[in-house]
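Taking it in order: structure first as structure tokens, then the write-up.
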Amino acid sequence: GIQVEQSPPDLILQEGANSTLRCNFSDSVNNLQWFHQNPWGQLINLFYIPSGTKQNGRLSATTVATERYSLLYISSSQTTDSGVYFCAVIRYNQGGKLIFGQGTELSVKP
Amino acid sequence: DARVTQTPRDKVTEMGQEVTMRCQPILGHNTVFWYRQTMMQGLELLAYFRNRAPLDDSGMPKDRFSAEMPDATLATLKIQPSEPRDSAVYFCASGIGDPTYNEQFFGPGTRLTVL
């Protein structure tokens, strides 16, 4: 099956810093989502981005489908950005099942 | 603000007891998913419904787990009998249309602890 790898596994930032999280996938995909799991365990939808670039406030994402990777950019990080960021993909023959990466754990220090 | 809701949010039970978790998908969504999150396995799909019909439950231990959609506004996941290895966070998600090409929205999860 398709493999999803996220890097880095852990990241510590000072408040105000910028960061880039990466998601590599081993085969072509039809669906890609980025999630933020906050310290209370809730999974929050950030982007649905199978290709192209999207922005939402301080966050933006780019997926280059032909090269099988996606990037999540966080600018001017805040302590509330702390948590785990997951990338998840679906390939056309997976019957709708999201395949998750192992996540990047982000800690933003004041 | 449309959201997926799940009850209970936390459940502690003893081994051998029946556990029922409930999910209300976003109004108008016709696909419902159950995922389980553990430290060892991460997030994995247990079951998937479309228009209330089960399409994929290959990720679910069949001998003790069952998933149903009694109506379009309610999905249930039951474990009978529960075992300590079932301890995990169970997420429900919903969406519209073919999930291969559409977004899934997650509920807050049910944290299950089986003693």
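Values reported hereafter were calculated over all heavy atoms of this structure, with side chains retained and with hydrogens, waters and symmetry mates removed. None of these values were measured; they are calculated from a predicted model. To find a chain, count down the sequence lines: A is the first, B the second, and so on, and within it residues start at 1.
The local environment of CD in B:E14 is sparse, with at most 12 non-hydrogen atoms from other residues, nucleotides or ligands closer than 6.0 Å. Atom CD of A:E105 sits in a sparse spot, with 12 or fewer heavy atoms from other residues, nucleotides or ligands closer than 6.0 Å. Within a 6.0 Å sphere centred on CD of A:E5, heavy atoms belonging to other residues, nucleotides or ligands number 12 at most.
Using a 4.5 Å cut-off between heavy atoms, A:L32 does not touch chain B at all. For B:E44, no part sits under 4.5 Å from any heavy atom of chain A, backbone or side chain.
No single ILVMFWY cluster, assembled from side-chain heavy atoms under 4.5 Å apart, contains both A:L106 and A:V84. Residues B:F33 and A:F35 fall within the same hydrophobic cluster, defined by Ile, Leu, Val, Met, Phe, Trp and Tyr side chains chained together at heavy-atom separations under 4.5 Å. B:M15 is connected to B:M21 through a chain of hydrophobic side-chain contacts under 4.5 Å among Ile, Leu, Val, Met, Phe, Trp and Tyr, so both are in one cluster. Clustering ILVMFWY residues whenever any of their side-chain heavy atoms sit less than 4.5 angstrom apart, transitively, puts B:F65 in a cluster other than the one holding B:L43. Hydrophobic clustering (side-chain heavy atoms under 4.5 Å, transitive across Ile, Leu, Val, Met, Phe, Trp, Tyr) groups A:I49 together with A:V29.
Contact count against chain A (heavy-atom pairs under 4.5 Å) is highest for B:L45 among B:L55, B:D56, B:L45. Interface remark: of the candidates A:N45, A:I90, A:V89, A:N45 forms the most heavy-atom pairs closer than 4.5 Å to chain B.
Inter-residue side-chain proximity for B:Y35 and A:L43 is flagged as unmet; no heavy-atom pair is nearer than 4.5 Å.
Proximity to chain A among residues 83-115 of chain B is limited to B:F91, B:P99, B:T100, B:Y101, B:N102, B:E103, B:Q104, B:F105, B:F106, B:P108, judged by heavy-atom separations below 4.5 angstrom.
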